[in-house]
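Okay, structure first, notes after.
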Number of protein chains: 2
Amino acid sequence: MGQKNNYDMTKDRILNEAETLFAQKGYHGVTVREITEAANCNLASVNYHFGNKWNLYLAVFHFRWLPRAKSLHDAVVKDLEKNDFPSRSDVVKALAHAFLEGPLAEEERTRHSLLIFRELTQPTEAFELIAKEAVLPLFQLVSDSLRPVMPAELDEKRLKLNIFSIFAMVIYFNFARAAITHITGQNYDQDFKAMLTEHITNFSLHGLGAKAEE
Amino acid sequence: MGQKNNYDMTKDRILNEAETLFAQKGYHGVTVREITEAANCNLASVNYHFGNKWNLYLAVFHFRWLPRAKSLHDAVVKDLEKNDFPSRSDVVKALAHAFLEGPLAEEERTRHSLLIFRELTQPTEAFELIAKEAVLPLFQLVSDSLRPVMPAELDEKRLKLNIFSIFAMVIYFNFARAAITHITGQNYDQDFKAMLTEHITNFSLHGLGAKAEE
DNA sequence: GTCTATAGCAGGATAGAC
DNA sequence: GTCTATCCTGCTATAGAC
């Protein structure tokens, strides 16, 4: 039992440090030495606990990324349950709020985002896992929530594109921070994030608001 | 002179293969050996022509990525010049069209996108270069085009957020192909891309079209 | 379960012949 | 400018003592 604590703690520390480093530098950019030094344990422990470096990478998604994705999913569900019949605006707001100001701490969110961006652009075995366990379910949730409040004549294909567009903004404003900060000089403080949530909701509902011209 | 041809050709072949491989696997995922084998030249030629691996990476952005970005920029400019006073719709359409159906061939676009996504999420020295030479100028162009057709009371900050949202979609639909194909089962053929351009334009102008409910 | 020591190999870079 | 041969560092992974 005392041993089991040590076991868990070392394994946990490795997972924590591995997640941070993989998020920052990508799989190939990180060495096992780096991870074990950061985790304050021996070089050999990665192989002992996870077999090899690649399995450690997968374990990060399994034991760290997925639970966090579930907490995001739950935050959206809870937000939607406030209303018996959530409006379009409720759905968008729930999503934007969860991703930009939700249950995840600031640095946690960055880590979470970086890990999935790498998988989105260059899918590996890990993508299979998170698509099935997190991405598809969340997409389905949003789809089911929007379907009853969108015009009946809107076909499935176009409904999906609309949902992708909402995700596009939520995700983009998370991952393009470097560019956004560079262009606007704006830091991601509490105020700016609240403004972003408001903007995303508004843009998703009305776009640029072109009524005046056409 | 005959020598200069060989010189150029080897250097060019290295740049070509390096670009493809860096886009596919990222800087650390690629080895110099891999590049020179693909370019059908000797291992030492990378060091001869570019000094070291890192300089080759920067050269890819300088000699390959930037010219392509300029051709995209030009496509947008030319499209906008069709109208003396481009409407909001004209601006969005010009952007979406250039990025999804513009001057770049299919595989070229993917390469181009992958390279910048890596830099957007994890900026290096290369980001400085392309931000100054390509990203900021394009942003400015869109900003200048939209300013006269947006309400005067819209402040700079919010105008910028609107522009980011348009870019968000244009970029997202390029880079999240893996996810989109996985979820929709839809391939990026000519028809789908035309539908995307239409969708992005429409969504950017009207959002989900929430007039009915609020 | 944790450590040291090391095998075994792949990587970037260079020297020097042609 | 291009090539071969080679140096040397740093990597993953494992064997085996504790």
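By convention in this document, chain letters (A, B, ...) are assigned in the order of the sequence lines, proteins followed by strands, and residues within each chain are numbered from 1.
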Inset, instruction - Report yes if a side-chain nitrogen or oxygen of A:His49 is closer than 4.0 Å to either non-bridging phosphate oxygen (OP1 or OP2) of C:dT2; otherwise report no. - result: yes
Legend entry - Non-neighbouring partners of B:Arg177 that pass salt bridge (Lys or Arg N to Asp or Glu O under 4.0 Å), sequence neighbours left out: B:Glu106
Inset, instruction - To the nearest Å, give me how far apart OH (B:Tyr57) and P (C:dG11) are. - result: 19 Å
Legend entry - OP1 or OP2 of C:dT2 under 4.0 Å from side-chain N/O of A:Thr10: yes
Inset, instruction - Mind jotting down which residue pairs meet the ring pair (Phe, Tyr, Trp, His ring centres under 6.0 Å) criterion with at least one end in residues 113-133 of chain B? Sequence neighbours excluded, please. - result: A:His182-B:Phe127, B:Phe117-B:Phe175
Legend entry - B/S/- contact track for nucleotides 9-15 of chain D, protein heavy atom under 4.0 Å: --BBBB-
Inset, instruction - Round to the nearest Å and state the distance from B:Glu37 atom CD to D:dC3 atom P. - result: 13 Å
Legend entry - Chi angles and distances behind the salt bridge (Lys or Arg N to Asp or Glu O under 4.0 Å) call for B:Arg147, B:Glu156: CA-CA 9 Å; B:Arg147 179 71 278 182; B:Glu156 275 311 299; 3.2 Å; yes
Legend entry - For atom CG of B:Asp12 and atom P of D:dT2, their distance in whole Å: 12 Å
Legend entry - Pairs involving residues 160-172 of chain A, ordered by first then second residue, that meet side-chain hydrogen bond (donor to acceptor under 3.5 Å, both in side chains) (sequence neighbours left out): A:Ser165-B:His199
Legend entry - By side chain to side chain donor-acceptor pair (under 3.5 Å) - contacts of B:Tyr57 (at least two apart): B:Glu119
Legend entry - Partner residues of A:Lys70 under the salt bridge (Lys or Arg N to Asp or Glu O under 4.0 Å) criterion, sequence neighbours left out: A:Glu133
